[in-house]
Number of protein chains: 2
Amino acid sequence: MAAMAGVSLSTVSRVVNGQGVDADLTANVQRAVELLGYRHNHAAGSLRRSNGLSATIGLIGEDISDPFFAAFHRGAEQVARERSVVTFAASSDGSPEYEREIIETMLGRRVDGLLLLPTGKDHSYLRRDVATGTGLVFVNRPPKTIDTDCVFTDHRGGARRAIEHLRAHGHERIAFVGPGADAGFGAAERLAGYREGMAGLEEDIVVNGDLEPLVTGPEPPTAVFSAQNLITVEVMRTLFRLGLDRIVAHVGFDDIPLRGPIAPPVTMVSHDAVALGRAAAELLFSRLDGFNGRAREVVRETTLIERGTGELQPVS
Amino acid sequence: MAAMAGVSLSTVSRVVNGQGVDADLTANVQRAVELLGYRHNHAAGSLRRSNGLSATIGLIGEDISDPFFAAFHRGAEQVARERSVVTFAASSDGSPEYEREIIETMLGRRVDGLLLLPTGKDHSYLRRDVATGTGLVFVNRPPKTIDTDCVFTDHRGGARRAIEHLRAHGHERIAFVGPGADAGFGAAERLAGYREGMAGLEEDIVVNGDLEPLVTGPEPPTAVFSAQNLITVEVMRTLFRLGLDRIVAHVGFDDIPLRGPIAPPVTMVSHDAVALGRAAAELLFSRLDGFNGRAREVVRETTLIERGTGELQPVS
DNA sequence: CTGTTAGCGCCTTCAC
DNA sequence: GTGAAGGCGCTAACAG
């Protein structure tokens, strides 16, 4: 041990942890550290340390390469970094079994907490860990089987806002293009927001697949709301191909934050995944800092970015 | 300890690690584990375990929210997962000091190896760790100050191929639009590839900023190669705005893998970041498995995806 | 301010 | 096949 090179033993520990040590001895220790290429073993430390924290948190989502998840991860990292906490990240691939496996692997690595974009339905198996002090924050899906903190994007409000925006520009026949209500919590919320926004109008128009038959049909919509990014691109293409891109109004929901500008631009309901990540991490760390109140729910608002397509007037 | 609930002590260890234990005792232990909510502490284990591995690796890049990094991360995760290895990921933000800080934090967490998309110039401080058995793979930048494995995207070959493609379609005046040669290793390589591809022609045309003066000038190029994704979008826009999008041929370099299709489509030199991540992780694990040969270099080829804009004939 | 001692949770070696 | 003892690297509590 560096004790040989220096002159002390647990003084090394104090130096490493920056506690009050004589300047000369500190220098000696540092020299020995340098010489022997010593690396502090954090894990061994937390085995004995009073708080027992590993300064590690885990993030789990369906697919870590998804730009939404990546941005979320970035936000969480920003607040973790201030505490010298490192982040694990792993993909569940949409499999509840695999999700559980990853969670247990991370728990075995003694993460201090988990930021979970859940796939499975039942997470009651986490109750014991939460009771033991492990942090847990659900993201964008409500924790049904366990009472814990969560953060949300306001999918419903964002979708409603898009519809209100179109109505403010005179539209009444507004189509919703998106996955069905069974495509997960966010999608269902967006559809619900659409319905709320359409309140008082005669007809909801919900399209699941191809938009073309509708817009070329007898009673076409004057505006379209696309509820997800890939669908937004499809709608763009379809309208462009049919020469309707300056005629039918279009607002998209920014499900996946696209990197950089897309040509041509589309009016978007955008949500800030980095901020969502920050909010989630902050919730987690407040628990680790000892906050012990009831489960909290943080809702992050969306922003509507006008880019021209959502501001077209209806053409009859 | 579960020893109380069951009947044994270090038998628990054997059960957890799946070694030969009597079926009855195994059942007893598992019941106790269930009852007490016991979680295996992996870190404590690797303190004493013969190989001493933490089953953890770290990835470090400039920005974990960058879609390229995220896809790379995904690839690495795929191969790590097969070994129940978890991945740390962190952003260096382009700061060498911060990069080093993160690396040392991860080393303190006893990662078995590092996949590094380097920012700093000097990584000689890692030599000792590599000598001690820590894996290290450089990604997309050559390890100058340390002798270690690395994986590359063939930026140079991809760019050359784009130019050859355009030449095969009859072009001779081909402009390079991109960052200068000082914008990092990849960018410099792409410029070099452009120059190689242009060999034998009269004039290299290298543009750093706005393309408009060139294409509206006296001797406009008949084709454009854009060396980076955001620049590709800019070029698309410029050509579209000037009504040249069906006249000037265009090939882009897929620096950042865009999620989903972009409208309108552009012929692209594309590289597979997931495969790059897999390759890097495979190099790392082969070292951890005991491979001890010389430093290897893996080069991943790019693919040219024809989408129409790169196949336009020159118009004089 | 520094050294000593004990023990975190686990795995290994050795006896049985 | 199983139990007992020792120690991985570190920090806490105590004594000096």
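Here is how names work: the chains are called A, B, and so on, in the same order as the sequence lines, proteins then strands, and each is numbered from 1.
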[X]: partners by ring-ring contact (aromatic ring centres under 6.0 Å, His included), with sequence neighbours left out:
X       : result
B:Tyr98 : none
B:Phe88 : A:Phe88
A:Phe69 : none

The residue, B:Thr11 or B:Gly45, whose nearest nucleotide of DNA chain D is more 5′ is B:Thr11
Heavy-atom nearest nucleotide on DNA chain D taken for B:Ala44 and for B:Ala23; more 5' hit belongs to B:Ala23
Roughly how many Å is it from [atom1] in [X] to [atom2] in [N], rounded to a whole number?
X        : N      : atom1 : atom2 : answer
A:Arg110 : C:dC8  : CZ    : P     : 14 Å
A:Asp24  : C:dC1  : CG    : P     : 13 Å
A:Leu53  : C:dC8  : CG    : P     : 18 Å
B:Leu47  : D:dC10 : CG    : P     : 8 Å

Distances under 3.5 Å between nitrogen or oxygen atoms of protein and nucleotides 12-16 of chain C:
from, atom 1, to, atom 2, distance (Å)
C:dT12, OP1, B:Ser50, N, 3.2
C:dT12, OP1, B:Ser50, OG, 3.3

task = Please determine, by modelled atom types, if B:His271 and B:Thr153 share a side-chain donor-acceptor pair under 3.5 angstrom.
result = yes
For B:Ser95 and B:Asp93, test the side chains for any donor-to-acceptor distance below 3.5 angstrom and give the result as yes or no. no
Taken in chain and number order and not counting sequence neighbours, the residues that satisfy side-chain hydrogen bond (donor to acceptor under 3.5 Å, both in side chains) with A:Glu77 are A:Arg74, B:Ser91
Q.
Under a 3.5 Å distance rule, please check whether A:Thr87 uses its side chain to pair with a backbone N or O of B:Ala89 as donor and acceptor.
A. yes
Q.
Regarding B:Asp149 and B:Arg287, does a basic nitrogen lie under 4.0 Å from an acidic carboxylate oxygen?
A. yes
Base-paired stretches in DNA chain D with three or more consecutive Watson-Crick or G-U pairs, both distances under 3.5 Å, amount to C:1-4 with D:13-16, C:6-16 with D:1-11
At 4.0 Å (heavy atoms only), tell me whether A:Val16 reaches a base, stays on the sugar-phosphate, or touches nothing. nothing
(message) Is there a side-chain contact between B:His42 and the phosphate of C:dG9, meaning an N or O under 4.0 Å from OP1 or OP2?
(response) no
Could you check, using the six-membered ring where one of them is a Trp, whether A:His155 and A:Phe185 have ring centers closer than 6.0 angstrom? no
